[in-house]
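Down below is the structure, laid out as structure tokens.
Proteins get letters first, then strands, A, B, ... in listed order; numbering begins at 1 in each. As the structure is a computational prediction, the values presented were derived from the model and not from experiment.
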Amino acid sequence: MIVVENVYYTYPNGVEALKGVSLRIKDGEFVAIMGENGAGKTTLVLHLNGLLKPTKGRVLVDGVDTREVSVAQLSRKVGLVFQNPDSQFFCSTVEEEIAFALKNFGFSQEVIEKRITWALNLMNLKQYRHRSPFTLSGGEKKRVALAAVLAWDPQILILDEPTIGQDYRQKEKLRQFILQLNSQGRTVIIVTHDVEFVADCVPAPRVVLMAGGRVIADGDAEEVLTNPELVKKASLIQPQISQVFQELADLGLPRNVLNVYEARRIILERWRGR
Amino acid sequence: MSIFEGFVFRRIDTPIHRLDPRVKFLYTLVTLVLAILFNEFLALFVLFVGQLPLIWVARVQRSWARTMKGSLALVLLIFFTNLLTRWAYAGFRLHPVYLEESLAMTLRFLILVESFSIFSLTTSPDDLSLAMEQAGIPYWFCFAFTTSIRLMPAIARDAQTIVNAQRSRGLELERGNFLTRIKNYIPILVPLIVTTIRRSLELAEAMESRAWGATEKRTSLTQLEMGKTDYIATVFLLILLALAIYIRVSTRIPNLTSLIL
Ligand SMILES: Nc1ncnc2c1ncn2[C@@H]1O[C@H](COP(=O)(O)OP(=O)(O)O)[C@@H](O)[C@H]1O
Ligand SMILES: [Mg+2]
């Protein structure tokens, strides 16, 4: 379990990026941290594996204060996938790239081999095993970065802006993949301002809405993302389906419809009912 | 990375910010010459303290302090290298004079950081580029120069992100013996160099698509003009330089140790 207790964080240049954030994330939860650029989302998740330590307040991961253990120890449990894969590649093959963390964490050579194969298969990257990561496309790079973290099988997985630079089909695959990881019991936290991506997740995640370094809403996606005021406060736009249903509210349709699947169900129900 | 921070320009309105960039460049140059001219602790101390008021007038004390803090490691290195070599050279004997001389050398470095940081904290890269152009330096060079200054904070931030990404993958920079520690930096340096080169290429493409270098003679919306204050400052700087040279050749500056002991 992750407990964030009244955390403040000020960057060395004086920017106060977090202003009293409190949050509890239980094991196995699926959470989307949302909000506009500069809301403090990345700053918050950098606290979860100890890369940043709160200026005030504290962060507990499974009861341990992040100040008391090393980033390496925490990362074993909390896997963080960065937004830009280019900020981590330095090896000449994809395989070595994935092996890097495994070596750091002290896995045996045998296990490392197995894990690499497993992660590559999982992310559908088998054919790139001996390619240089620098020669891959944007989407493939993102998958390698994800595979490199999945390889050590962290119990908590955090993805910072996973949908940026991905086309629609890749996003769809990524969504299924994230849902699958979560259904296998892992805690999954995604950081994003991609409302449609979150709205189309079934089951819908818990949404933590951030603005100006604070959490301004925390609840089911259905509640938060269909609330026009909250969404506006976070400088986001409601999912399109939800906008349509709000326009049609005077026909007696519900206002809190998130995605196409649900819209279809409701429309069919009505259709058949008449 | 905080040593970079003290060099980043912020636009505020103070007498120092308003000075012509060429005058401020002359100031940095004069300080450089003075710092090399003298190697006595007393003289260098006066030079260091004499510049402090400028920092307050320019209202850059916080960024300046951060640069100073960032250069602490280098300062200690310079001080102890000086002290150790003097000590070894004298047959492993310590004398207060060595302490003073080492302090003087450290102060010399600090003066250079001080004046360079005053210059870059109060001079906008645009004005600097303009000044260089008007001095007849080719535009491509001015552009490359100011761009490298401008990119410094961005690169520092990239470096921070890369360090974060690699630490999340279990990299421990502080672990191991001397050689291992150097090797630990490879996962930081490779992505940093790659991102920086990529950033430069993107910048080059963007500039070319906006007709960079289309005409030989580039015009500028604003022209730098020296005002009254600028001339006064220039004259003052030149007098200061002449005076310093005069003092150098005519008098012997005593060292502190002999004054005290
Ligand atoms: N390394 C840094 N140094 C200084 N300020 C930063 C740094 N990283 C982020 N910030 C600032 O902190 C605030 C929150 O940023 P961030 O957490 O990256 O937001 P988000 O991920 O929600 O877009 C922004 O105002 C940003 O400019
Ligand atoms: Mg971010």
(request) Please work out which of the three classes, parallel, tilted or perpendicular, describes the rings of A:H47 and A:Y9, given edges at 30° and 60°. (result) perpendicular
If you count heavy-atom pairs under 4.5 Å with chain B, which of [options] comes out on top?
options: A:R76, A:Q83, A:Q73, A:E97; value: A:E97
options: A:C91, A:A145, A:A101, A:G106; value: A:A101
options: A:F105, A:F89, A:F100; value: A:F100
options: A:S70, A:G79, A:S87, A:A72; value: A:S87

(message) Between B:L171, B:N164, B:D158, B:I162, who has the most heavy-atom pairs with chain A when the cutoff is under 4.5 Å?
(response) B:N164
Would the distance check show the side chain of [X] and the main-chain N or O of [Y] forming a donor-acceptor pair, the cut-off being under 3.5 Å?
X: A:K56; Y: A:N6; answer: no
X: A:S75; Y: B:R169; answer: no
X: A:D65; Y: A:L60; answer: no

(message) Would A:K171 and A:F197 count as a cation-pi pair here, with the cationic atom under 6.0 angstrom from the ring centre and within 45° of the axis?
(response) no
(request) Ignoring hydrogens and angles, state whether a donor on the side chain of B:T195 or A:D86 is under 3.5 Å from an acceptor on the partner side chain. (result) no
(message) What part of B:R62 gets within 4.5 angstrom of chain A, counting heavy atoms only: side chain, backbone, both, or neither?
(response) neither
(message) For A:L46, which atoms come within 4.5 Å of any heavy atom of chain B: side chain, backbone, both, or neither?
(response) side chain
